[in-house]
Amino acid sequence: MICLTTTASTVEETLLQVKENKEYIDMVELRLDMLNENELEDAFRVPQLVKLPVLATFRRKIDGGKSTLSNKLRIAKLRKVVLQGEFTYVDLESDLKKSDFKVKLNNEGEKVDFEDELRQRGIQIIRSLHDFEKVPVGLYSLVEKLAKKGDIPKVAVTPNTIVDVLTLFRMEDELKSVEKKIIVGMGDYGVCTRILYKKLGSMLTYCAPKGPTAAPGQLTPKDMKVLYRADKVNDNTAIYGIIGNPVFHTDSPKIHNPGFDGINYNAIYVPFLVDKIRSFFRLAELIRIHGFSVTAPYKREVLPYLGKITREVMQIGACNTVTRIQGMWKGTNTDYYGFLSPVIEKIKTGSVKKALVIGAGGAASSVVWALVNYGVKVTVINRTVEKAQQLASKTMSSFDSLNHIDKYSGKVDLVVQTTVVGMAPDLTSDPAPDFYFTGKEIVYDLIYSPDHTAFLQRALESGCEVVNGKRMLWEQGLLQFEAFTGYHYPRELVNSFEEILVNNND
Ligand code: ATR
């Protein structure tokens with residue numbers, strides 16, 4: 001189930017949040033602690049109005065909520081709302097004492113037990129435990145203990161490493177006996193556990209409305225349902241993903257998930273924030289990941305873990321795509337082919353024979369190798385000339401200092417700009433203002449935001465044919481999809497693919 005955690009301060013606003021997300025959710029967690037005091041009176045009406053199962057939660061400050069009331073008072077307020085309404089679940093913190101649930105009914109000292117009342121009414125208790133700092137030791141036995149009372153155990157903990165994430169994914173195997181449970185990994189490392197909640201054996205995943213989220217790492221219901229189709233994950237779902245640190249800026253999930261859907265492939269593509277690549281491979285084996293994209297800083301670090309690599313990966317020393325083939329991890333580099341795609345015909349027909357590559361970093365390395373492998377003569381130009389020399393000697397190319405770039409004007413067929421100079425928000429910088437375009441050369445800038453850097457704009461105005469980084473990004477994404485699935489990216493989605501890239505550059 002996808003559960004919307006409300007964050008509104010009024011009942012009216014709560015109803016609006018549910019309405020806006022209704023098509024994406026299966027249940028609602030009504031956060032009573034978020035409501036203004038005077039709204040509590042009306043809160044009992046929510047289940048009837050939203051026509052979905054509702055979980056009532058009155059969260060304390062120490063558990064990430066807003067309530068600063070004493071436990072006794074808080075439970076009394078929660079009880080009042082719950083017993084008037086038609087709630088399906090109630091969340092009670094696992095450390096509350098028996099005495100906290102005893103509610104005084106009158107001055108004669110008559111008392112009732114809130115837990116008993118809930119059971120009599122068939123309202124299920126969720127017994128929750130939160131840890132905003134770590135994954136506590138002995139997590140499995142903690143869950144077993146919580147489950148013993150016959151309630152639904154909930155643990156919301158904070159993984160700080162991929163090893164912690166592994167602990168959460170092992171839950172399903174370790175705790176088969178606890179059928180109904182809720183497991184949440186909070187924070188950035190936990191995002192993959194929220195999306196793959198079914199693989200953890202969790203009966204639900206919590207989402208938050210757009211805007212200030214209720215808990216760290218929460219996604220919107222729409223992303224959970226439409227982008228990830230998280231509720232459709234089953235034993236046969238093939239898991240793919242992207243690893244990096246940072247990783248959440250990437251557009252890749254928006255490209256691959258709709259693509260999988262478009263070819264009717266039961267698969268999901270998830271971002272994994274990774275601290276240690278070695279631990280990630282253990283996770284990949286555990287949850288049987290079929291393939292993944294690799295982004296900074298792991299493009300080189302991933303190499304020792306691969307059983308098979310292509311010639312380009314070996315030459316460049318960097319891999320951005322890993323697939324599982326016959327029990328072995330295979331590394332390819334679609335940046336290499338993605339770069340080549342827009343210019344390959346020109347190279348093959350002989351109209352590109354000489355190229356100037358500006359920059360000598362990781363991106364330049366893919367570019368120079370691609371060009372050299374196809375017989376283009378390359379000169380590497382860099383601010384730090386030693387780095388240009390290193391790359392040139394590996395690739396049997398020439399090199400020079402960026403200060404001398406003007407002398408190459410009119411002498412090359414292709415100019416490739418690989419540095420970060422001119423990338424948004426630095427829209428006016430030009431890495432080589434002294435370089436004069438004749439209008440005959442093809443000018444290729446790897447930067448994809450903005451569409452046209454100052455450098456590319458100057459080339460365009462001089463009449464050059466230009467290629468931007470967006471095109472390369474697109475090409476390498478299509479190739480990656482093919483490497484993952486063996487199918488072309490669905491034709492009807494190619495336009496939306498472009499839209500994703502365009503929208504994100506605004
Ligand atoms: P990437 O993996 O994106 O290529 P990188 O390996 O850090 O990133 O390489 C960055 C490239 O941009 C280098 O060639 C760098 O030049 P130096 O080797 O002299 O550092 C180049 N670069 C970065 N800032 C630059 C600037 N302000 N002017 C010129 N070149 C710059």
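The first residue of the sequence shown is numbered 1, and numbering continues consecutively from there. Counting convention: from 1, in listed order, for ligands and their atoms alike.
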Identify, for [atom], the protein heavy atom at the shortest distance, and state residue, atom and that distance.
atom	answer
atom 13 (C) of ligand 1	N382 OD1, 3.9 Å
atom 4 (O) of ligand 1	A363 N, 3.0 Å
atom 6 (O) of ligand 1	G362 N, 3.0 Å
atom 5 (P) of ligand 1	G361 CA, 3.9 Å

Does the protein put any heavy atom within less than 4.0 Å of atom 28 (N) of ligand 1?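 Neighbour list for atom 28 (N) of ligand 1 includes protein heavy atoms (cut-off 4.0 Å).
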Heavy atom of protein closer than 4.0 angstrom to atom 10 (C) of ligand 1: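 Given the 4.0 Å limit, the answer for atom 10 (C) of ligand 1 is no, no protein heavy atom qualifies.
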N or O contact, G359 vs ligand 1, cut-off under 3.5 Å: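 No; every N/O pair is 3.5 Å or more apart.
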Can you list the steps and then say if D231 with K198 is a salt bridge (charged side-chain N to carboxylate O under 4.0 Å, His left out)? CA-CA 7 Å; D231 55 330; K198 288 198 152 183; over 6 Å; no
Check against side chain to side chain donor-acceptor pair (under 3.5 Å), Q417 and T453: CA-CA 10 Å; Q417 198 302 106; T453 56; 5.7 Å; no
Contact partition for [X] relative to ligand 1, non-hydrogen atoms under 4.0 Å:
X	answer
T384	both
T419	both
R383	both

With a 4.0 Å cut-off on heavy atoms, is A360 in contact with ligand 1?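 Heavy atoms of A360 do come under 4.0 Å of ligand 1.
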Quick one: sort the F280 and F292 rings into parallel, tilted or perpendicular, breaks at 30° and 60°.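 Rings of F280 and F292: perpendicular, over 60°.
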Under 4.0 Å from a heavy atom of K387: which atoms of ligand 1 are those, numbered in the order shown and with their elements?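 Those atoms are 18 (O).
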Do you know the tightest heavy-atom contact between N333 and N320?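 Between these two residues, the closest heavy atoms are CA-OD1, 3.3 Å.
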Just by distance, do the side chain of T334 and the backbone of L479 share a donor-acceptor pair under 3.5 Å?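 Absent.
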Using only atom types and a distance under 3.5 Å, with no angle test, would you say the side chain of T193 pairs donor to acceptor with the backbone of V184?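 No: the side chain of T193 does not pair with the backbone of V184.
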Do R278 and E301 meet the salt-bridge criterion of a basic N to acidic O distance under 4.0 Å?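 Answer for the salt bridge query: no.
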Cation-pi check for Y206 against K154: NZ or CZ below 6.0 Å from the six-membered ring centre and within 45 degrees of the axis, yes or no?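 Yes, a cation-pi geometry.
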